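Both counts, for ligands and for their atoms, begin at 1 and track the order of listing. As the structure is a computational prediction, the values presented were derived from the model and not from experiment. Excluded from the calculations below are hydrogen atoms, water molecules and symmetry mates; all remaining heavy atoms, backbone and side chain alike, are included.
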Amino acid sequence: MFSRLPSGSEAERVCPVDFGRGFLAASTKIRADNVLPAVTGRVCPQEHQCEGRCVLGRRGEPVGIGYLERFVSDDERAHGSPAPPPMSPPSGKKVAVVGSGPAGLSTACDLVRRGHDLGVLEALHAIGGVLVYGILEFRLSNGIVLQEVGHLPRMGGQFRIHVGVGKTVTLDDLLNQKGYDPVFVAAGASLPVFLNIPGEYLCGVYSANEFLTRVNLMKAYREDYDEPVFNCRGREVVVIGGGNTAMDAVRTALRLGAAHATIVYRRSEAEMPARVEEIKHAREEGVRLQLLTSPVEFMNDGKGWLSGVRCIRMALGPADDSGRCRPVPVPHSEFILPAQMAVIAVGNRSNPLVQSTTPDLETTP
Ligand SMILES: Cc1cc2nc3c(=O)[nH]c(=O)nc-3n(C[C@H](O)[C@H](O)[C@H](O)COP(=O)(O)OP(=O)(O)OC[C@H]3O[C@@H](n4cnc5c(N)ncnc54)[C@H](O)[C@@H]3O)c2cc1C
């Protein structure tokens, strides 16, 4: 659909479009509202978001917004930079953004366009948040993220890494001493939720955050790097959860050489929060899905290492507050899944660092 017309073709004669310029104009248009089109075009759940709400979808196919974003941003990388967005004159205001994930970067971009003197403060050594340390290379390459993020400093603003707000500098320091007003906190949700079942602290049991950060950002899969990660080559791996993070973890385990990698999820496939596309790709790569199943214990091999996951089968009961059917355990249905490595991917909460060092900061769940 998007291929360039063959030079001198009938179509080109009838419709003499300068595709290079045309697509850059499309890119500029998309960038007016979306600072990361190469990213959103690859990993957003469009089927639930923009495409799910597209009016054309009521009678047929919605506009393929994700593929459009992806295509024009890829074309832009090959053919030149988009026109810089219109900028307001300096506002005289100094504003800070804490965190450089998609929320922080989008906000930073809007603030800089409005002429504010911007400072982005990032705790890690890389800009991009989950885009660089969570989502894996095979779904979203860090090269694409870097290129996308590279547009921002050119627009203005200062980007500082290794600044943990709440540790290196407090929110009060930023407001009272450094002259920032306001400060936008976009610190993400990096605190993993655990299952609180026996054996969770055995060797071989990881949170998805730890596993993916070691592999993705710290390159633990490479032999010439010091960062260790469990050697799951030829082993059984169980990943608990049904979201995108679980899909990333299970596909990573397969790429690291696991003999089998199994998703354990307590509801059915219809309720899985992962993108449909991610579930499809995981299946195609050989991931096993153990649905309507919940872990009840990580089993010890007697030496402090994981040897299996004791599970119980679940059935779907009436809908809960989230509108999804509540899973209920089926009595006397326990069984053991052999596993030498398990990854827990059942959600995250916000990191309490900023709240804990800013006593009067009111927060909501
Ligand atoms: C493995 C994985 C796969 C995912 N896949 C998808 C997907 O396919 N599609 C999708 O739509 N969503 C996906 N998500 C979710 C998506 O990545 C998040 O919704 C998104 O990154 C949230 O953006 P954010 O800017 O709020 O937070 P983050 O991306 O978490 O960024 C927060 C940033 O703040 C920094 N920070 C935290 N505390 C401080 C502090 N005190 N001081 C300074 N800096 C701080 C962090 O280091 C981080 O860089 C996935 C998430 C994960 C973990």
Side-chain angles (χ1 to χ4, degrees), residues 34-36 39-52 66 69 96-109 119-140 142 145 149 159-171 173-174 180 183-193 206-217 239 241-253 272-282 343-358 361 363:
N34 180 352
V35 63
L36 303 166
V39 172
T40 54
R42 282 176 167 79
V43 298
C44 266
Q46 292 98 6
E47 65 271 22
H48 300 303
Q49 298 179 337
C50 47
E51 292 178 21
E69 290 172 343
V97 169
V98 178
S100 68
L105 293 176
S106 304
T107 308
C109 192
V120 177
L121 309 169
E122 167 56 51
L124 293 181
H125 64 274
I127 299 288
V130 166
L131 307 181
V132 288
Y133 73 75
I135 302 180
L136 291 146
E137 208 47 30
F138 57 81
R139 280 215 292 131
L140 177 65
N142 281 352
V145 178
V149 167
F159 285 70
R160 291 182 56 203
I161 53 172
H162 299 301
V163 181
V165 174
K167 199 89 176 162
T168 325
V169 62
T170 65
L171 209 52
D173 293 340
L174 291 175
Y180 288 110
V183 176
F184 180 73
V185 180
S190 59
L191 196 69
V193 171
Y206 282 88
S207 72
N209 281 28
E210 182 184 350
F211 177 59
L212 293 175
T213 305
R214 278 178 190 259
V215 174
N216 205 26
L217 192 61
V239 175
N244 290 316
T245 308
M247 294 303 145
D248 279 356
V250 80
R251 292 170 71 192
T252 300
M272 284 177 103
R275 296 182 65 198
V276 173
E277 189 179 86
E278 299 312 322
I279 302 170
K280 177 171 170 277
H281 290 160
V343 181
I344 301 166
V346 294
N348 290 298
R349 296 210 184 92
S350 64
N351 186 309
L353 187 60
V354 175
Q355 289 99 312
S356 64
T357 52
T358 317
L361 183 70
T363 57

Quick test: of every protein heavy atom, which one is nearest to [atom], and how far off is it to 0.1 Å?
| atom | value |
| --- | --- |
| atom 5 (N) of ligand 1 | R139 NH2, 3.1 Å |
| atom 27 (O) of ligand 1 | G188 CA, 3.3 Å |
| atom 34 (O) of ligand 1 | G99 CA, 3.2 Å |
| atom 9 (N) of ligand 1 | V43 O, 2.5 Å |
| atom 49 (O) of ligand 1 | E122 OE1, 2.7 Å |
| atom 37 (C) of ligand 1 | A187 O, 3.2 Å |
| atom 4 (C) of ligand 1 | I135 CG1, 3.6 Å |
| atom 6 (C) of ligand 1 | N244 ND2, 3.6 Å |

Donor on one side chain, acceptor on other, N34 and T40, under 3.5 Å: yes
I161 and L124: CA distance, side-chain angles, deciding distance, side-chain contact (heavy atoms from CB on, under 4.5 Å) verdict: CA-CA 6 Å; I161 53 172; L124 293 181; over 6 Å; no
Closest candidate by heavy atom, reference [atom], pool [options]:
| atom | options | value |
| --- | --- | --- |
| atom 24 (P) of ligand 1 | A103, A249, G166 | A103 |
| atom 44 (N) of ligand 1 | G104, A123, G128, A274 | A123 |
| atom 21 (O) of ligand 1 | T245, V169, V130, L353 | V130 |
| atom 23 (O) of ligand 1 | G101, A345, P102, C44 | P102 |

Just how far is it from atom [atom1] of [X] to atom [atom2] of [Y], taken to the nearest 0.5 Å?
| X | Y | atom1 | atom2 | result |
| --- | --- | --- | --- | --- |
| I344 | N209 | CD1 | CG | 11.0 Å |
| N216 | F211 | CG | CZ | 10.5 Å |
| H48 | E51 | NE2 | CD | 11.5 Å |
| F138 | T252 | CZ | OG1 | 4.5 Å |

Close approach, V354 and ligand 1, non-hydrogen under 4.0 angstrom: yes
Atom indices of ligand 1, in the order listed, that fall short of 4.0 Å to a heavy atom of [X]:
| X | value |
| --- | --- |
| L121 | 43 (C), 44 (N) |
| D248 | 1 (C), 2 (C), 3 (C) |
| G134 | 1 (C) |
| L124 | 47 (O) |
| L212 | 1 (C) |
| Y133 | 30 (O) |
| P45 | 11 (O) |
| A186 | 32 (C), 33 (C), 34 (O) |

Under-4.0 Å protein heavy-atom contact, atom 52 (C) of ligand 1: yes
Atom 41 (N) of ligand 1 protein-contacted (non-hydrogen atom, under 4.0 angstrom): yes
For ligand 1, the portion of V165 having any non-hydrogen atom under 4.0 Å away: both
V163 contact mode with ligand 1 (heavy-atom cut-off under 4.0 Å): backbone
Could you tell me whether a side-chain N or O of [X] sits under 3.5 Å from a main-chain N or O of [Y], the two making a donor and an acceptor?
| X | Y | value |
| --- | --- | --- |
| E137 | N142 | yes |
| S100 | G128 | yes |
| D173 | T170 | yes |
| S207 | E210 | yes |
| N351 | A189 | no |

Chi angles and distances behind the side-chain contact (heavy atoms from CB on, under 4.5 Å) call for T357, L171: CA-CA 8 Å; T357 52; L171 209 52; over 6 Å; no
Check: N348 N/O within less than 3.5 Å of ligand 1 N/O: no
Stepwise side-chain contact (heavy atoms from CB on, under 4.5 Å) check, L140 with V39: CA-CA 7 Å; L140 177 65; V39 172; 4.0 Å; yes
Pair I127-V132, side-chain contact (heavy atoms from CB on, under 4.5 Å): steps then yes or no: CA-CA 8 Å; I127 299 288; V132 288; over 6 Å; no
Which residues share a salt bridge (charged side-chain N to carboxylate O under 4.0 Å, His left out) with E278, sequence neighbours left out: R139, R251, R275
